[in-house]
Amino acid sequence: MATTAATRLNLTRRPRRLRRTEAIRTLVRETRLTAEAFVYPLFVCEGRGVTRPISSMPGVAQLSVDETVREAEAAAADGIRAVMLFGLPSRKDAVGSQSSSPDAPVQEAIRAIKRAVPGLVVTTDVCLCEYTSHGHCGLVEGDEIVNDATVERLVETAVSHATAGADFVVPSDMMDGRVAAIRGALDARGFDHVGIIAHAVKYCSGFYGPFREAADSTPQFGDRRSHQMDPANVEEALREVEIDIAEGADIVMVKPALPYLDVVTRVKARFGHPTAAYQVSGEYSMIKAAAERGWIDEDRAVLETLTGIRRAGADLIVTYYARHAARLLA
Ligand code: PBG
């Protein structure tokens with residue numbers, strides 16, 4: 001008697017039926033990756049017609065305002081809905097004065113992008129590390145980064161971004177109380193429509209290395225351990241998120257993404273709040289470097305990591321791969 005393998009195994013459930021063709025796989029796909037979820041970071045510098053490549057982040061460059069606008073237009077054409085601006089000032093000092101200057105690159109870029117691509121959501125990094133001569137995220141007394149005085153500078157910075165037309169400000173400093181202080185200052189000045197994407201959970205990570213070249217923000221002494229989180233902690237992450245939501249964060253962010261997917265999942269499950277994850281510079285450069293050596297397939301690695309971040313629970317993903325991935329998905 002001829003018995004089939006199926007009879008012998010008596011299989012009533014064959015999960016492979018749902019993987020037979022790409023059409024079937026698409027029908028039952030649980031996580032849909034779309035360009036609409038991406039936020040595209042841009043590094044804005046002084047000058048005109050400037051494109052200054054960042055050696056540790058192939059494909060990413062510091063751009064002058066005019067070039068930033070062109071890149072924002074191209075991103076919008078690729079289906080990207082939001083950009084995140086980081087500033088490279090021409091002059092740095094101990095208090096990061098340029099961060100709140102109406103004529104600094106970020107403030108100019110906000111106005112220029114809003115003129116050129118009004119529908120694009122403009123978000124702006126709010127931190128002092130790109131603007132301080134010592135490279136720290138706040139004001140320094142002795143070897144300490146002082147919290148409350150720093151928050152005042154962050155508030156001034158956020159207000160200047162809102163004044164220039166930013167849709168969201170994105171405090172990435174990890175000082176205590178800055179979300180409430182920024183919220184209060186924005187509301188008091190009639191910017192109640194401007195939102196806050198809070199780096200609620202920002203780990204003290206080795207994956208920020210290439211960014212510090214990109215943003216010229218390497219601390220001249222010490223490190224960021226006094227304010228960024230210990231990679232070992234997740235309960236603390238939930239407390240941070242709880243505080244930032246209570247203080248008025250519209251969107252909460254976890255950063256970096258890949259080593260902290262469990263944190264993304266728990267934050268989303270616990271609070272059900274719009275949740276972003278930041279695929280940081282080191283995550284980007286790691287894929288780039290391996291791909292340049294021919295060790296991995298870049299396109300597959302990009303879509304797989306971004307899908308993983310979405311599957312973990314992120315609604316939004318900040319990624320230097322935004323345009324690349326959008327084109328792959330188109
Ligand atoms: C600090 C800031 C950092 C990043 C964004 N904002 C790094 C740091 O803490 O030094 C890192 C982003 C990345 O690595 O892509 N303002």
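Each ligand, and each atom within it, is numbered from 1 in the order the structure gives.
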Checklist line | Mode of S281 contact toward ligand 1 - side chain, backbone, both, neither (heavy atoms, under 4.0 Å) | finding: both
Notebook entry, point to check: What part of Y320 sits under 4.0 Å from ligand 1 if we count only heavy atoms: the side chain, the backbone, both or neither?
Noted result: side chain
Next item on the list: Taking only heavy atoms of S172 into account, list the atoms of ligand 1 that are under 4.0 Å away from them.
Entry: 1 (C), 2 (C), 6 (N), 16 (N)
Margin query: Which heavy atom of T275 sits nearest to which heavy atom of K268, and what is that distance?
Written below: OG1-CD, 3.6 Å
Note to self: I'd like to know if E304 and R311 make a salt bridge, using a cut-off of under 4.0 Å between side-chain N and carboxylate O.
What the structure shows: no
Item checked: Numbering as shown, the atoms of ligand 1 that approach K255 to under 4.0 Å (heavy-atom distance) -> 2 (C), 3 (C), 4 (C), 5 (C), 6 (N), 11 (C), 12 (C)
Check: If you count the atoms of ligand 1 from 1 in the order shown, which ones are under 4.0 Å from a heavy atom of C129?
Finding: 1 (C), 16 (N)
Item checked: Partners passing salt bridge (Lys or Arg N to Asp or Glu O under 4.0 Å) against E240 (at least two apart in sequence or in another chain) -> none
Notebook entry, point to check: Would you call R48 and E67 a salt bridge, taking side-chain N to carboxylate O under 4.0 Å as the test?
Noted result: no
Next item on the list: Could you tell me which atoms of ligand 1, counted from 1 in the order shown, lie closer than 4.0 angstrom to a heavy atom of Q228?
Entry: 8 (C), 9 (O)
Notebook entry, point to check: Do K92 and D216 meet the salt-bridge criterion of a basic N to acidic O distance under 4.0 Å?
Noted result: yes
Notebook entry, point to check: What is the nearest protein non-hydrogen atom to atom 2 (C) of ligand 1, stated with its residue, atom name and distance?
Noted result: K202 NZ, 3.0 Å
Checklist line | Six-ring centre of F207, K255 cation under 6.0 angstrom, axis tolerance 45° | finding: no
Margin query: Considering non-hydrogen atoms of the protein only, which is the closest contact for atom 10 (O) of ligand 1, and what is the distance?
Written below: R212 NE, 2.7 Å
Checklist line | E283 to Y278 - nearest heavy-atom pair and separation | finding: OE2-O, 3.4 Å
Next item on the list: Using a 4.0 Å heavy-atom cut-off, say whether H199 meets ligand 1 through its side chain, its backbone, both or neither.
Entry: neither
Notebook entry, point to check: Got the closest protein heavy atom to atom 12 (C) of ligand 1, with its distance?
Noted result: F211 CD1, 3.3 Å
